[in-house]
*Asks:* 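Mind looking over this structure? Questions follow.
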Protein chains: 2
Amino acid sequence: MTKNKNNDQVKDVFTNYLTHKNHRKTPERFSILNEIYSLEEHFDVDSLYEKMNKKNYRVSRATIYNTIELLLESGLVRKHQFGDSFSQYEKSYFNNQHDHVIIKDTGEVKEFCDPRIELIKKDIENVFDIKIDDHSLYLYATSNKKK
Amino acid sequence: MTKNKNNDQVKDVFTNYLTHKNHRKTPERFSILNEIYSLEEHFDVDSLYEKMNKKNYRVSRATIYNTIELLLESGLVRKHQFGDSFSQYEKSYFNNQHDHVIIKDTGEVKEFCDPRIELIKKDIENVFDIKIDDHSLYLYATSNKKK
DNA sequence: ATCCCTGCAAACGCTTTGCACATGA
DNA sequence: TCATGTGCAAAGCGTTTGCAGGGAT
């Protein structure tokens, strides 16, 4: 129930965005949005493509790239570059801003949230007289376990 | 004077690294090191390639990629992904660890250093029982001037 | 009926790789 | 000598683009 209500709300956000931008409300766009919001982990375009084509929806990579662009612009998806050659994404609505630790030996990605980041951003805004819209912070680590 | 002494020291670091790793001390490797340490700004492989081939040294892109790999491993160069599709690099010896602000409307990159980052890293190490080897932090901003 | 969107495949751009030749050790 | 390094061009690979057909409005 909460889940469905959340999904409705996300869909509304996207619908509003498309309306305001005079973009068409195509079934592909909504099925991509749906699929992304059914995922709990980070994903890349290719795995999303595989996943969608194995099940109900048939979409092209081009349309996925295109739609993700719109989702980024509407704030429904965040983009990450964890250090591989490809981009990864994650849903961002109902999902607090957070940063990532990449455990290099296992490939695992952990999330954390530290208020000091926002303090740093505020200070840097003042130092350089700029407006900081966004940031990306990745910590690269090795686990102590394997020692 | 100080400059030459510094360059010698950098050269020594690289020489020692190559010796320990049983890699050959080729003229190409040292001319690439030299060129990189003569630059004050961030650079990408292609601009380095252009710059070197316009002057004294003739090296291939393959050799530049190969050598930068060694320089990364020996800690003489740092790699950055500012959000473009290509990688940028900078010399790192005699150059404090710092982070970057990317001013999106001008493409300018500013550097800063904030001690709170290290505090965050220490805390996260304890939280997850990991060893953090490295981090990357980019702040994306727009300048207040143009308003 | 428009004209934007989609799917397909080709093009792109940075990076890596394969191979023949050159060279440091 | 001979394994490693270099240069060149081709291949890789994620992403973008061009174009013809299809569907939202």
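Chain naming here is simple, since letters A, B, ... match the order of the sequence lines and numbering starts at 1 in each.
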*Asks:* Write down the distance between CE (Met52(B)) and P (dT6(D)), rounded to a whole number of angstrom.
*Replies:* 11 Å

*Asks:* Mapping Asp44(A) and Arg58(B) to their closest nucleotides on DNA chain D, which lands nearer the 5' end?
*Replies:* Arg58(B)

*Asks:* Report yes or no: does Asn53(B) contribute a side-chain atom to a donor-acceptor pair with the main-chain N or O of Tyr49(B) at less than 3.5 Å?
*Replies:* yes

*Asks:* Okay, side chain of Asp44(A), backbone of Asp46(A): is any donor-acceptor separation there less than 3.5 Å?
*Replies:* yes

*Asks:* Can you tell me if Tyr37(B) uses its side chain to pair, donor with acceptor, with the backbone of Tyr93(B) under 3.5 Å?
*Replies:* yes

*Asks:* Looking only at atom types and distance, does a side-chain atom of Gln88(B) sit under 3.5 Å from a main-chain N or O of His80(B), one as donor and one as acceptor?
*Replies:* no

*Asks:* What residues, two or more places apart in sequence or in another chain, satisfy ring pair (Phe, Tyr, Trp, His ring centres under 6.0 Å) together with Tyr140(A)?
*Replies:* none

*Asks:* First and last nucleotide of DNA chain C in contact with chain A, 5' to 3', at under 4.0 Å to a heavy atom: what are they?
*Replies:* dC3(C) to dC8(C)

*Asks:* List in numerical order all residues of residues 22-31 of chain A for which some heavy atom is under 4.0 Å away from an atom belonging to DNA chain D.
*Replies:* Arg24(A), Lys25(A), Pro27(A)

*Asks:* By a strict heavy-atom criterion of less than 4.0 Å, which residues belonging to residues 60-79 of chain B are in contact with DNA chain C?
*Replies:* Ala62(B), Tyr65(B)

*Asks:* Would you kindly say whether Glu90(A) and His98(A) are connected by a side-chain donor-acceptor distance under 3.5 Å?
*Replies:* yes

*Asks:* Short question: side chain of Ser92(A), backbone of Gly75(A) - any donor-acceptor pair under 3.5 Å?
*Replies:* yes

*Asks:* Would the distance check show the side chain of Ser74(B) and the main-chain N or O of Leu71(B) forming a donor-acceptor pair, the cut-off being under 3.5 Å?
*Replies:* yes

*Asks:* Checking Asn34(B) now: which residues fulfil side-chain hydrogen bond (donor to acceptor under 3.5 Å, both in side chains) with it, not counting sequence neighbours?
*Replies:* none

*Asks:* Going by the rule side-chain hydrogen bond (donor to acceptor under 3.5 Å, both in side chains), which residues pair with Tyr17(B) if we only count those two or more places apart in sequence or in a different chain?
*Replies:* Glu73(B)

